[in-house]
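Scroll down for the structure; my scribbles are underneath it.
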Protein chains: 2
Amino acid sequence: MARPRQALLSRQRIVATATAVIDAEGLAALSIRRLATELGVQGPSLYNHFATKEEILDAVADAVIEQVDISVFGRFDWRVALRRWARSYRDALTAHPNIVPHLAQGPGRRPTALAMADAVYGGLVDAGWPPARATHIGALMRYFVAGSALGSFARGFVDDPQLYADRYPHLTRAHLLADHQKSVDEGAFALGLDALIDGLARLYEDVVGELPD
Amino acid sequence: MARPRQALLSRQRIVATATAVIDAEGLAALSIRRLATELGVQGPSLYNHFATKEEILDAVADAVIEQVDISVFGRFDWRVALRRWARSYRDALTAHPNIVPHLAQGPGRRPTALAMADAVYGGLVDAGWPPARATHIGALMRYFVAGSALGSFARGFVDDPQLYADRYPHLTRAHLLADHQKSVDEGAFALGLDALIDGLARLYEDVVGELPD
DNA sequence: ACCTGAACACCGTTCAAGT
DNA sequence: ACCTGAACACCGTTCAAGT
């Protein structure tokens with residue numbers, strides 16, 4: 001074949017297909033050859049569009065973050081903005097949980113991830129938070145959201161009553177968790193988000209005080 | 001050589017060496033052949049002690065969790081116990097951050113991880129939390145702690161002033177974050193832990209009420 | 001500019017052969 | 001019981017050769 005008159009590949013198509021493989025079979029299942037097969041080309045062709053596999057994973061991660069709604073900062077009270085952003089952030093990550101370990105390494109040079117960090121930090125500083133606190137809040141929210149998407153808590157428990165019986169006196173019903181995966185993880189996230197924002201709002205009143213309107 | 005009269009390997013020695021390689025060079029650097037070389041044997045020898053590489057990673061993960069102090073449950077007020085456990089949990093994970101993505105997949109069949117889940121859940125239920133809430137609290141604490149250890153927030157920002165200048169108006173000082181990695185991550189964790197436990201304590205008073213002594 | 005086949009130095013795992 | 005060499009089907013990446 002050599003070079004076709006119309007390019008067979010594009011960065012966008014590569015990223016979309018990589019995302020589909022990672023979603024369906026996990027990070028470990030994504031190899032260059034496998035991805036190439038899925039795209040109808042040979043492995044080395046991909047190196048015309050990305051320098052390394054790492055660059056492909058970065059592009060997948062950034063495309064996931066592109067789904068996060070950061071328009072809330074500046075438009076709503078910081079408590080409301082933080083809550084809506086955290087929900088949107090979690091929704092984006094739980095739609096693609098297998099890429100979370102890669103994405104949680106930080107924004108690096110990924111433009112969408114940097115734009116998100118900029119919006120969050122800027123929103124908090126504009127709301128009156130001291131810069132150091134704004135950094136901490138951005139960090140701790142990422143801890144909580146990334147942790148919640150990294151692996152389901154409920155699915156982490158094997159569905160085998162024999163495993164828990166006798167040995168772990170309080171876990172006698174843990175084998176049922178997997179059946180309620182979604183509501184357990186959702187309930188835990190909701191409770192943690194409430195507690196976090198409640199705790200931060202109380203601190204805010206001490207640190208920043210009520211601002212005159 | 002064939003079989004030596006004194007076994008060259010033991011599960012313990014394999015786990016210790018695997019942990020050292022993962023700590024020093026990351027999860028991706030740990031291959032069976034590399035680990036075998038480090039242990040002075042050939043690759044296939046390891047399969048006399050572990051059935052798969054996955055089992056080795058499970059053993060590394062469980063050894064990390066073994067360092068977490070779960071003796072606090074039942075000995076202290078649940079707020080104090082939760083706080084001390086979370087700190088100890090984070091200390092254990094941040095000592096071995098590269099294994100966190102594996103470990104955060106849940107306890108599976110790892111005995112130490114199951115014992116920890118049992119202690120946390122039991123401690124909360126004994127303190128009067130309804131079972132469903134106790135599950136949620138165990139989950140959300142894992143989200144926060146695992147997220148905080150998964151990747152440094154501060155190190156996630158590249159040390160390159162040019163990257164942020166102009167493009168990200170609020171991140172003009174982000175290139176300095178890496179220099180303060182430890183205090184940024186520690187400050188964010190401390191703030192989040194305070195907010196979480198404060199928020200949960202307020203809920204506790206609504207849900208459980210004050211118990212007579 | 002963009003795709004290919006061949007090649008390099010790697011993987012995890014199996015298995016028969018040794019003691 | 002426990003270590004070995006050879007082998008299998010894989011990896012990510014490079015590169016000269018094609019159009």
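Note that the coordinates shown come from a computational prediction; the quantities given were computed from them, not determined experimentally. Below, chains carry the letters A, B, ... as their sequence lines are ordered, and counting in each starts from 1.
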Round to the nearest Å and state the distance from Phe50(A) atom CZ to dT13(D) atom P.
13 Å
Sub-3.5 Å pairs of nitrogen or oxygen atoms, protein against nucleotides 9-12 of chain C:
{"from": "dC11(C)", "atom 1": "OP1", "to": "Ser31(B)", "atom 2": "OG", "distance (Å)": "3.0"}
{"from": "dC11(C)", "atom 1": "N4", "to": "Arg33(B)", "atom 2": "NH2", "distance (Å)": "3.4"}
{"from": "dG12(C)", "atom 1": "OP1", "to": "Ile32(B)", "atom 2": "N", "distance (Å)": "3.3"}
{"from": "dG12(C)", "atom 1": "OP1", "to": "Lys53(B)", "atom 2": "NZ", "distance (Å)": "2.9"}
{"from": "dG12(C)", "atom 1": "OP2", "to": "Ile32(B)", "atom 2": "N", "distance (Å)": "2.7"}
{"from": "dG12(C)", "atom 1": "N7", "to": "Arg33(B)", "atom 2": "NH1", "distance (Å)": "2.6"}
{"from": "dG12(C)", "atom 1": "O6", "to": "Arg33(B)", "atom 2": "NH2", "distance (Å)": "2.7"}

Side-chain H-bond candidate by donor/acceptor type, Asp23(B) with His96(B), under 3.5 Å
yes
Quickly work out the Leu8(A) CG to dA1(C) C1' distance and round it to whole Å.
12 Å
Does a side-chain N or O from Ser45(B) land closer than 4.0 Å to OP1 or OP2 of dT4(D), or not?
yes
Choose from dC3(D), dT14(C), dC3(C) the nucleotide whose nearest atom is closest to any side-chain atom of Ala7(B).
dC3(D)
Atom CD1 of Ile14(A) to atom C1' of dC3(C): distance rounded to whole Å?
12 Å
Could Arg90(A) and Phe189(A) be counted as a cation-pi pair, given that NZ or CZ must be under 6.0 Å from the ring centre and within 45° of the axis?
yes
Quick one: which of Leu57(B), Asp58(B), Val15(B) gives a side-chain contact (heavy atoms from CB on, under 4.5 Å) with Phe50(B)?
Val15(B)
Find the runs of at least 3 consecutive base pairs, i with j, i+1 with j-1 and so on, that include DNA chain C, using Watson-Crick or G-U wobble geometry with both distances under 3.5 Å.
C:4-8 with D:12-16, C:12-16 with D:4-8
note: Leu39(A), atom CG; dT4(C), atom C1'; distance rounded to Å ~ 16 Å
Specify the closest pair of heavy atoms between Leu114(A) and Leu171(B), including all atoms of both residues, with the distance to one decimal.
O-CD1, 3.5 Å
Tell me whether the OP1 or OP2 atom of dG5(D) has a side-chain N or O from Gln42(B) closer than 4.0 Å.
yes
Tell me which residues in residues 97-105 of chain A lie within less than 4.0 Å of DNA chain C, going by non-hydrogen atoms.
none
Is NZ or CZ of Arg84(A) both nearer than 6.0 Å to the six-membered ring centre of Phe76(A) and within 45° of the ring axis?
yes
Please determine, for the side chain of Arg3(A), which listed nucleotide (dC3(C), dC15(C), dA1(C)) has the closest atom?
dA1(C)
Taking atom CZ as the centre, does Arg79(B) end up with more than 12 heavy-atom neighbours from other residues, nucleotides or ligands that are less than 6.0 angstrom away?
yes
For a salt bridge (Lys or Arg N to Asp or Glu O under 4.0 Å) check, start with the C-alpha distance between Glu66(A) and Arg110(A), then their side-chain angles and the critical distance, and finish with the verdict.
CA-CA 11 Å; Glu66(A) 213 166 338; Arg110(A) 293 184 286 110; over 6 Å; no
If I take atom CG in residue Asn48(A) and atom C1' in nucleotide dC15(D), what distance separates them, rounded to the nearest angstrom?
12 Å
Please find the pair of heavy atoms, one from Leu177(B) and one from Phe157(B), that lie closest to each other, and give the distance.
CD1-CD1, 3.6 Å
Verify whether one side chain among Asp118(A) and Tyr164(B) offers a donor that lies under 3.5 Å from an acceptor in the other.
no
So, Arg109(A) and Glu55(A), do they make that salt bridge, N to O below 4.0 Å?
no
Should we say atom CZ of Arg173(A) is surrounded by more than 12 heavy atoms from elsewhere, each under 6.0 Å from it?
no
Rounded to whole angstroms, how far apart are CD on Glu54(B) and P on dT13(C)?
9 Å
Given atom CD of Gln6(B) and atom C1' of dA1(D), what is their separation to the nearest angstrom?
13 Å
Looking at the side chain of His49(A), which of dT19(C), dT4(C), dC2(C) is the nearest nucleotide?
dC2(C)
Under the side chain to side chain contact (heavy atoms under 4.5 Å, CB included) criterion, do Ile32(B) and Tyr47(B) qualify, and how do the steps go?
CA-CA 9 Å; Ile32(B) 293 290; Tyr47(B) 290 89; 3.7 Å; yes
